[in-house]
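Reading through the structure tokens given below for one structure.
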Amino acid sequence: MNRNPADERRLLVSLWMQHQKTVGSFVWTAIGDLHDSEDVLQQVAEAVAEHFDRYDPEKPFLPWVMTIARNKVTDHYRRESRNRLRLSPGSLEQLCDATQDLQEELSERAEALKLCLGKLGRKARQMLDLRYSHDLTPKRIAEKLGTTANSVSATLSRLRSSLAECINTRLAASGGDHGTR
């Protein structure tokens, strides 16, 4: 397959940015030391960039990059035999799989939340934005909206319940029923 280098770079950057936190969480959990984890994550990024021409864009990126990450963690274990936290190959594989499963579930939940938020009215979205994007207290929200803090708290509670129900309904309908967490 002949891919345009500029398109290739954009795809690499986009995919890496989308999954870097997940890969970093896996590496840190497997290694347990912040500095060593940062070094290994850098090695993963370098390997991804070096071997990106082998990635098939028709397949999911996360399993491909997690294989690279698992191999880099294993290499780190070999180099650093003094490391107290050293997972067995089976445990490392389970951690890798669990990380991918969790990312998939979070992505499904985020997509469901986005759709459910789209169903809300402007005032409800504004109130949620003030609370969760701007981190305002119910008292400050009430001052901005000309209502009472108790009213804001009650409305936020109803909105959270409504969103949770909407998300769970969407996940169940799509076969991604993960229950409430």
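Nothing here was measured: the structure is a model prediction, and the numbers come from that model.
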Side chain to side chain donor-acceptor pair (under 3.5 Å), that's the test. Do S161 and R158 meet it? Break it down for me.
CA-CA 5 Å; S161 294; R158 282 192 303 273; over 6 Å; no

Test side-chain contact (heavy atoms from CB on, under 4.5 Å) applied to R109 and N168, step by step:
CA-CA 8 Å; R109 286 188 168 278; N168 289 331; 3.7 Å; yes

Given side chain to side chain donor-acceptor pair (under 3.5 Å), test S14 with Q18 step by step and report yes or no.
CA-CA 6 Å; S14 173; Q18 183 180 351; 4.9 Å; no

Would you sort out whether V73 and F26 count as a side-chain contact (heavy atoms from CB on, under 4.5 Å), showing the intermediate values?
CA-CA 9 Å; V73 167; F26 163 73; 4.1 Å; yes

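You'll find the side chain of L145 reaches within 4.5 Å of the side chain of L130, heavy atoms only. Between W16 and V44 there is a side-chain heavy-atom pair separated by less than 4.5 Å. With contacts defined as side-chain heavy-atom distances shorter than 4.5 Å, the pair F52/W64 qualifies. With a 4.5 Å cut-off on side-chain heavy atoms, L136 and R131 do not count as touching. Using a 4.5 Å heavy-atom cutoff, the side chains of L117 and L113 are in contact. Within the 4.5 Å cutoff, the side chain of L15 has no heavy atoms near those of the L12 side chain. Contact check for K123 versus M127: no side-chain heavy atoms found under the 4.5 Å cut-off.
For NE2 of H35, the number of neighbouring non-hydrogen atoms (other residues, nucleotides, ligands) closer than 6.0 Å is 12 at most.
For the atom pair CG of L171 and CD of E105, the computed distance is 8.0 Å after rounding to the nearest 0.5 Å. Interatomic distance, D36 CG to R79 CZ, rounded to the nearest 0.5 Å: 8.5 Å. Taking CG from L128 and CD from Q126, the interatomic distance works out to 10.5 Å, rounded to the nearest 0.5 Å. Once rounded to the nearest 0.5 Å, the distance linking NZ of K119 with SG of C166 reads 4.5 Å. With rounding to the nearest 0.5 angstrom, the OG1 atom of T99 is 8.5 Å from the CG atom of L62. T74 OG1 to R78 CZ: the interatomic distance, rounded to the nearest 0.5 Å, is 6.0 Å.
Of the possible donor and acceptor atoms, none in the side chain of R70 sits under 3.5 Å from a partner among the backbone N and O of E93. Of the possible donor and acceptor atoms, none in the side chain of D129 sits under 3.5 Å from a partner among the backbone N and O of R125. Judged purely by atom type and a 3.5 angstrom limit, R170 has no side-chain atom pairing as donor or acceptor with the backbone of A112. A donor-acceptor contact shorter than 3.5 Å is absent between the side chain of S151 and the backbone of T147. Remark: side-chain polar atoms of T169 are paired, donor with acceptor, to backbone N or O of E165 under 3.5 angstrom.
In this structure, L163 and C116 approach most closely via the heavy-atom pair CD2-CB, 3.8 Å. When all heavy atoms of S37 and V27 are compared, the pair lying nearest together is O-CG1, 3.5 Å. The shortest heavy-atom contact between Q100 and P63 is OE1-CA, 3.1 Å. Taking each heavy atom of A142 and A149 in turn, the nearest pair found is CB-N, 3.5 Å. Heavy-atom minimum distance, A47 versus I68: CB-CG2, 3.7 Å.
Y132 and I141 fall within a single hydrophobic cluster, where Ile, Leu, Val, Met, Phe, Trp and Tyr are joined by side-chain heavy atoms under 4.5 Å apart, directly or via other members.
Between F61 and Y55, the ring-plane angle classifies as perpendicular under the 30° and 60° cut-offs.
A donor-acceptor contact under 3.5 angstrom links the side chains of Q103 and S107, judged on distance only.
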